[in-house]
Number of protein chains: 2
Amino acid sequence: MNLKQLSHMLSLSQTTVSRALNGYPEVNEETRRRVMDAAKRHGYRPNPSARRLATGKTGMIGYVLPTGTSVDIDPHFVEFLSGLGDYARSHELDLVLSPADADDQETTYRRIVANRQVDAVYISSPRPADRRVALVNTLGIPFIVHGRSEGFDFDYPFTDIDNEGAFHEAARLLVQLGHRRLALINGDDRETFAIHRERGVRRALAASGLTLGERHVCSVVMTEENGYRATRRLLEQSDAPTAIACSSLIMALGVVRAVRDLGLTIPGDLSLIAHDDVFPWLKPENFSVPLSTTRSSIRLAGARVAERLAARISGLEEGARGEVWPVDLVVRGSVAGAPG
Amino acid sequence: MNLKQLSHMLSLSQTTVSRALNGYPEVNEETRRRVMDAAKRHGYRPNPSARRLATGKTGMIGYVLPTGTSVDIDPHFVEFLSGLGDYARSHELDLVLSPADADDQETTYRRIVANRQVDAVYISSPRPADRRVALVNTLGIPFIVHGRSEGFDFDYPFTDIDNEGAFHEAARLLVQLGHRRLALINGDDRETFAIHRERGVRRALAASGLTLGERHVCSVVMTEENGYRATRRLLEQSDAPTAIACSSLIMALGVVRAVRDLGLTIPGDLSLIAHDDVFPWLKPENFSVPLSTTRSSIRLAGARVAERLAARISGLEEGARGEVWPVDLVVRGSVAGAPG
DNA sequence: AGAGTCTTCCAAAGCGCTTTGGCTTTCCTG
DNA sequence: CAGGAAAGCCAAAGCGCTTTGGAAGACTCT
């Protein structure tokens, strides 16, 4: 059942039927009702391909997915996706993932924009002066950055959490508890979030005349194994830290294992605070010693990004407003006063 | 730059240019070269929307993503996606995720098929007599099931691992080691994979005249917390098992924690074998006691599904061939002879 | 040389929708 | 009641590609 058939059936022109269906004003309400009725009754659904060709709108939002045999998709992604999908569903938006060589995403961005394959895109895990941000900005497609990039001469719309503030708070608490040697087990420090977190820790330390030693900060891919290794390395050096801030719950698993392997205890020998993105399958309160965390639901962020994308597509949102969400510090059993 | 302009520029008809570009035989090789050349030089790229409208082909594969505020996407999904994306990239295929109410996916399947939004779909986490499988089968869109459904009067193409065989092997090993009371901490037993795993365990036990007690099998959503709870329940009952087979590494984290909380040890008091889908961020060899596993890369499965989908789209694959991959049993420190 | 067969190309008809520009009709105003 | 505005509808022109049904010319064969 297509427009032609439907309009013929109603003895109306395609124009009128199309307008009636799309809510244009120049059609009699009585007629509109008739049309709507018939459309529903015959289960008419406009062919999206045709509509796309005519309007250029696709009803899809895009994401360029970095891939490669040695490229792992971050497990956070799936939670973000949950939120995104949940919102998208209620607005009849689909999400198209365009896999790209991790080292050449630019080509793919250009392609999906040139081809008008999506109405908007989002960018995640941005780095300072991220080329992708600059690119989509010049390409002129609506977009939202999840996270932040820095060092551009233009503004852009983003949704981020206050990573610096969160880790500042966490470090401040540890310092207040008497810790003098803090360590940071961070994610990839080429990404902005990691930079911000380190900045937060440094700022808190500086406020008390302390510093974050060169050897007290690790930047690694966020796996359990890397958490373990980093912790071993940290705790086996001469000026071992008495407290650790850790960028992910997954790495925290490794931290806990390492501490145990070394015959130490949390929080007796080491205080630990980790960032919790709120996974349904791994909760900080369920660690053998309940974990203190800086907490921010990445799923909510996904929903928010979808919401903003939808708003930008429909022209409800404009400009380059960036929003930064505060992060909760949740204190549990894994922190205590510095030993000794 | 569109076809019209390009053909005008070459003083050829659109027909000829189109054919030259798409490799049709009825065009002079000399002409083809000229066309190809000009296309490349001017960066001509056919408009996919237009092509879609004309051919019906989209170059996309679809997945209906169950969502809802209380619906969590399985973390396995992201690994599967890695593999899928990796293959898709090399074949210029995009993946479209259509979020759907978890309780009504049918509408969405119908929509994406009716709208010709994708060339093929895949289905994951199937249940016995899964309605989605029956649906896409009748809708006539190419598809592959990742996993298996059962109880249909038709065949369908799937890629699955030998869950039954894997857990049969695991249980057999445990029995050989003298264990008499096994327990199974399984995933949602409405899904086929869980049913097969249970079947495998039962078969192994039966071969030695043993059975899997009612209270020795748990079916839960695969989270760390549920692994913990299940283990506590199992180990605190009178006829506590001496060995556990566990359906996921994430739950195994909870198992290990519960065992520790109870002051017991692995493998001294309890042997443990878990299924490992091969996450880059959590490895069985890195558990405090290296974990024995049944091992099968879900990422490889993703790549394979993508490959088969591509083959079906292009007509290279037909029929309803199902394939079942063997699963490796990897023995590590977490298993030992039964205590006592 | 005439008939038949390829080869190579083209004009035009879709695909199904939106949108422009215009044409009636109706309804007010003064 | 003439004149103008507003309402309601339509025909047709795109959007950019593929594909059908020829047609013209070159080539082969008898």
Side-chain angles (χ1 to χ4, degrees), chain A residues 1-36 38-39 42-60 92 111-119 313-315, chain B residues 1-36 38-39 42-60 92 111-119 313-315:
Chain A
M1 167 73 35
N2 58 21
L3 228 210
K4 193 171 186 176
Q5 296 169 17
L6 184 63
S7 57
H8 192 257
M9 179 163 295
L10 287 160
S11 304
L12 287 170
S13 73
Q14 296 190 36
T15 311
T16 304
V17 175
S18 171
R19 284 181 166 151
L21 258 22
N22 294 321
Y24 281 69
E26 58 269 73
V27 48
N28 192 318
E29 276 311 318
E30 159 63 20
T31 310
R32 188 192 303 281
R33 224 183 317 277
R34 264 181 63 218
V35 172
M36 294 285 226
H42 295 87
Y44 167 75
R45 280 198 146 283
N47 176 321
S49 301
R51 165 176 284 174
R52 270 175 81 148
L53 183 59
T55 65
K57 293 285 177 191
T58 65
M60 301 185 143
E92 300 235 332
R111 187 194 83 206
I112 64 179
V113 171
N115 289 349
R116 311 231 125 105
Q117 295 196 127
V118 294
D119 295 336
I313 291 172
S314 59
Chain B
M1 168 72 37
N2 57 22
L3 227 211
K4 193 171 188 175
Q5 295 168 19
L6 184 63
S7 56
H8 192 257
M9 177 164 296
L10 287 161
S11 303
L12 285 172
S13 73
Q14 297 190 35
T15 311
T16 304
V17 176
S18 171
R19 283 180 167 152
L21 259 21
N22 294 321
Y24 281 68
E26 57 268 74
V27 51
N28 193 320
E29 275 311 317
E30 160 64 17
T31 310
R32 188 193 303 280
R33 227 182 316 275
R34 266 181 61 219
V35 172
M36 294 284 226
H42 295 86
Y44 168 77
R45 280 200 146 282
N47 176 320
S49 301
R51 166 175 284 175
R52 269 175 80 148
L53 183 59
T55 65
K57 292 285 178 190
T58 66
M60 303 185 142
E92 300 234 332
R111 187 196 83 205
I112 65 180
V113 171
N115 289 349
R116 311 232 127 110
Q117 295 196 125
V118 295
D119 295 337
I313 290 172
S314 60

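Below, chains carry the letters A, B, ... as their sequence lines are ordered, and counting in each starts from 1. What you see is a predicted model, and the numbers here were worked out from it, not measured in a lab.
Summary of helix geometry: the two end axes of the helix from C:dA1-D:dT30 to C:dG30-D:dC1, each defined by five base pairs via their C1' atoms, are inclined to each other by 40° (rounded to 10°).
For B:Pro48 against A:Gln117, the heavy-atom pair with the smallest separation is CG-OE1, 4.1 Å. Nearest heavy atoms, A:Arg51 versus A:Pro46: NH2-CG, 3.6 Å.
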message: Test side chain to side chain contact (heavy atoms under 4.5 Å, CB included) on A:Asn2 and A:Asn47; report intermediate values, then the result.
response: CA-CA 8 Å; A:Asn2 58 21; A:Asn47 176 321; over 6 Å; no
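Sorted by first and then second residue, the salt bridge (Lys or Arg N to Asp or Glu O under 4.0 Å) pairs involving residues 3-28 of chain B (not counting sequence neighbours) are B:Arg19-B:Glu26.
Within 6.0 Å of atom CZ in B:Arg32, more than 12 heavy atoms from other residues, nucleotides or ligands are found, so the atom counts as buried in its surroundings. Counting non-hydrogen atoms of neighbouring residues, nucleotides and ligands closer than 6.0 angstrom, the CZ atom of B:Arg111 exceeds 12 such neighbours.
Chain A approaches DNA chain D within less than 4.0 angstrom (heavy atoms of the protein), and the contacting nucleotides run 5' to 3' from D:dG8 to D:dG16.
Atom-to-atom distance recorded for A:Ser314:OG and A:Lys57:NZ is 8.5 Å, nearest 0.5 angstrom. To the nearest 0.5 Å, the span separating OG1 on A:Thr58 from CD1 on A:Ile313 amounts to 7.0 Å. Here CG of B:Leu21 is found 7.0 Å from CG of B:Leu6. Values are rounded to the nearest 0.5 Å. Atoms CG and CZ, on B:Asn115 and B:Arg52 in that order, are 9.0 Å from each other to the nearest 0.5 Å.
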query: Could you write nucleotides 4-10 of chain C as a row of B, S and -, 5' to 3', where a protein heavy atom under 4.0 Å of any base atom gives B, of only sugar-phosphate atoms gives S, and otherwise -?
result: ----BBB
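Contact check of residues 42-54 of chain B against DNA chain C (heavy atom, cut-off under 4.0 Å) returns B:Leu53, B:Ala54.
Between B:Met60 and B:Asp119, the closest side-chain pair of non-hydrogen atoms is not below 4.5 Å.
When the side-chain contact (heavy atoms from CB on, under 4.5 Å) test is applied to A:His42, the partners found at least two apart in sequence or on another chain are A:Met1, A:Met9, A:Ala38.
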